[in-house]
Amino acid sequence: MENFRFLAVACAAACATTSHAQHLDILAYNSGGKVGVGQYDFDNLETSARSVFTVQLPSTYADNDPGFSANPGPQALPTRTDLWWDFLPFRAGDYLGTLLYWDAVGPTAEFELTPTASYSVTLFGANGQSAAATGGGTALVPGQVIARTSSNGSIHQHNFFFLDDNGDGTNSTLPATGIYLLSMQLRIGTLLPSDPFYLLVATPGVSLAALSGVAEPWVNANLDALDQLAVTNSGDFNHDGFVNAADYTVWRDSVSATRFLAADGDGSLLVDAADYGVWSSGYAAGGATAVPEPAAAISALLLIAAMRPASRG
Ligand SMILES: [Ca+2]
Ligand SMILES: [Ca+2]
Ligand SMILES: [Ca+2]
């Protein structure tokens, strides 16, 4: 795997026109002044929106599928213009990141933080430059140029994705078996950027049943929730239908968190005193008479804030 970077650069040229008919490329098109993301029906010559794509990595943990395509015609992208990508932060349940992980065990997809924050999925651009969605990231990661459209607006490009557990650019140590989820958007010229779309990256040991039978339908069913970064609630931080002392405990135990956001009641992407306010209001609205005092936890929060510089980690 030491030669991966060389491989990616070589393929940016050599693989650009390679046909991968057995795979579903990510199709970009002009959807009324905005970048549409979807698939292409070669039988009926029609495009349709699609928001979830999958890849099962080979033993190299690198693959150049799905590729990126754009067609000429009435929905063509601007001609001779660079198509860019970005990695986007998204929220799955209580977890926020640009790269989340599910071990692919069980009947329901349960994405959470990657085993360590140093996990990443890198995408290499047509110009050899790359960007990575990381297990530690919570902000948009600006991407690179996927490809430049031709004189009729078309593109067919296969860039490499690479899953890495420790950021050293090789697979000398292997990422945990499972499915890695990331969110992307595409942008080109003066068109509005696309809506977020999702890529599920499965390690070699994952079954097709887990990837296409569980994870893909789960993402499709949760698109709105994934896109919505600022999720607010009434203080039911453990999702059991009641606002009570158990929710206070969730808040107390995650004060200052920026990635485990179960108790982020006001959607600020930080668990702090304001979220205690959300909880106490919800608690009072539920008819409770005694509200635990937040003094101890807030004191701890202030102490933490005083001891370290502002961190979004
Ligand atoms: Ca590595
Ligand atoms: Ca509750
Ligand atoms: Ca908050």
Side-chain angles (χ1 to χ4, degrees), residues 1-8 57-63 89 91 93-96 99 101 114-124 130 132-136 138 160-178 180 201 203-204 228-288 290-292 294 297-298 300-302 304-305 310-313:
M1 205 52 217
E2 301 297 323
N3 291 326
F4 173 72
R5 289 184 181 282
F6 166 76
L7 181 66
L57 296 174
S59 58
T60 56
Y61 288 73
D63 200 2
R91 182 169 172 160
D94 294 333
Y95 298 97
L96 172 71
L99 185 67
Y101 166 74
T114 53
T116 70
S118 63
Y119 274 61
S120 63
V121 170
T122 297
L123 175 57
F124 291 82
S130 65
T134 70
T138 58
F160 268 93
F161 294 89
F162 176 53
L163 171 63
D164 194 355
D165 62 334
N166 63 359
D168 71 352
T170 81
N171 63 358
S172 54
T173 57
L174 298 181
T177 295
Y180 296 80
V201 180
T203 60
Q228 188 180 350
L229 279 177
V231 177
T232 59
N233 66 45
S234 61
D236 181 18
F237 298 149
N238 67 355
H239 313 296
D240 68 351
F242 302 97
V243 180
N244 57 25
D247 304 302
Y248 167 80
T249 301
V250 173
W251 174 81
R252 183 197 63 200
D253 291 347
S254 62
V255 161
S256 83
T258 56
R259 302 195 61 214
F260 176 68
L261 298 171
D264 181 26
D266 65 356
S268 68
L269 308 182
L270 170 68
V271 178
D272 62 8
D275 305 307
Y276 170 82
V278 171
W279 172 82
S280 61
S281 296
Y283 194 65
V291 177
I298 286 183
L301 169 65
L302 293 174
I304 291 168
S311 168
R312 303 292 293 177

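Order of appearance sets the numbers: ligands from 1, and atoms from 1 within every ligand.
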Q: Measure up the Tyr276 and Tyr248 rings against each other and bin them: parallel (under 30°), tilted (30 to 60°), perpendicular (over 60°).
A: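 Rings of Tyr276 and Tyr248: perpendicular, as their planes differ by over 60°.
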
Q: Does one side chain, of Thr173 or Asp165, offer a donor that lies under 3.5 Å from an acceptor on the other?
A: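 Judged by distance alone, the side chains do pair up.
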
Q: State the atom name: nearest N, O or S atom of Asp264 to the Ca ion (ligand 3).
A: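 Relative to the Ca ion (ligand 3), the closest nitrogen, oxygen or sulfur of Asp264 carries the name OD1.
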
Q: May I ask you to test the Phe237-Ser254 pair for a side-chain heavy-atom distance under 4.5 Å?
A: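 No - every pair of side-chain heavy atoms lies 4.5 Å or more apart.
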
Q: In the structure I gave you, are the side-chain heavy atoms of Ser234 and Val243 within less than 4.5 Å of one another anywhere?
A: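 They are in contact (side-chain heavy atoms under 4.5 Å apart), so the answer is yes.
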
Q: Between Asn171 and the Ca ion (ligand 1), is there a contact where an N/O/S atom of the residue lies under 3.0 Å from the metal?
A: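 Within the cut-off used here (under 3.0 Å), Asn171 places no N, O or S atom near the Ca ion (ligand 1).
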
Q: How open is the angle at the Ca ion (ligand 1) from atom OD1 of Asp168 over to atom OD1 of Asn166, rounded to 10 degrees?
A: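 It rounds to 80°.
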
Q: Examine all N, O or S atoms of Asp266, backbone included, and report whether one is under 3.0 Å from the Ca ion (ligand 3).
A: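 Short answer: yes, at least one N, O or S atom is under the cut-off.
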
Q: Quick check for you: to the nearest 0.5 Å, what is the distance between Phe162 atom CZ and Phe124 atom CZ?
A: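 Nearest 0.5 Å value for the CZ-CZ distance: 7.5 Å.
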
Q: Go through the steps for Asp266 and Ser268 under the test side-chain hydrogen bond (donor to acceptor under 3.5 Å, both in side chains), then give the verdict.
A: CA-CA 6 Å; Asp266 65 356; Ser268 68; 3.1 Å; yes

Q: Could you walk me through whether Thr258 and Leu269 pass the side-chain contact (heavy atoms from CB on, under 4.5 Å) test, one step at a time?
A: CA-CA 6 Å; Thr258 56; Leu269 308 182; over 6 Å; no

Q: Which N, O or S atoms belonging to the protein are less than 3.0 Å from the Ca ion (ligand 2)?
A: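 Hits for the Ca ion (ligand 2) below 3.0 Å: Asp236 OD1, Asn238 OD1, Asp240 OD1, Phe242 O, Asp247 OD1, Asp247 OD2.
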
Q: Leu174 versus Tyr61: any side-chain heavy-atom pair under 4.5 Å?
A: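 Yes. Closest side-chain heavy atoms under 4.5 Å.
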
Q: Is the gap between the ring centers of Phe260 and Tyr95 under 6.0 Å?
A: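 Yes - the distance between ring centres of Phe260 and Tyr95 falls below the 6.0 Å cut-off.
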
Q: Write the atom name of the N, O or S atom in Asp164 that is nearest the Ca ion (ligand 1).
A: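 Considering only N, O and S atoms, Asp164 comes nearest to the Ca ion (ligand 1) through OD1.
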
Q: Report, rounded to 10°, the angle at the Ca ion (ligand 3) between the two atoms O (Leu270) and OD1 (Asp275).
A: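 The two atoms form an angle at the metal of about 120°.
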
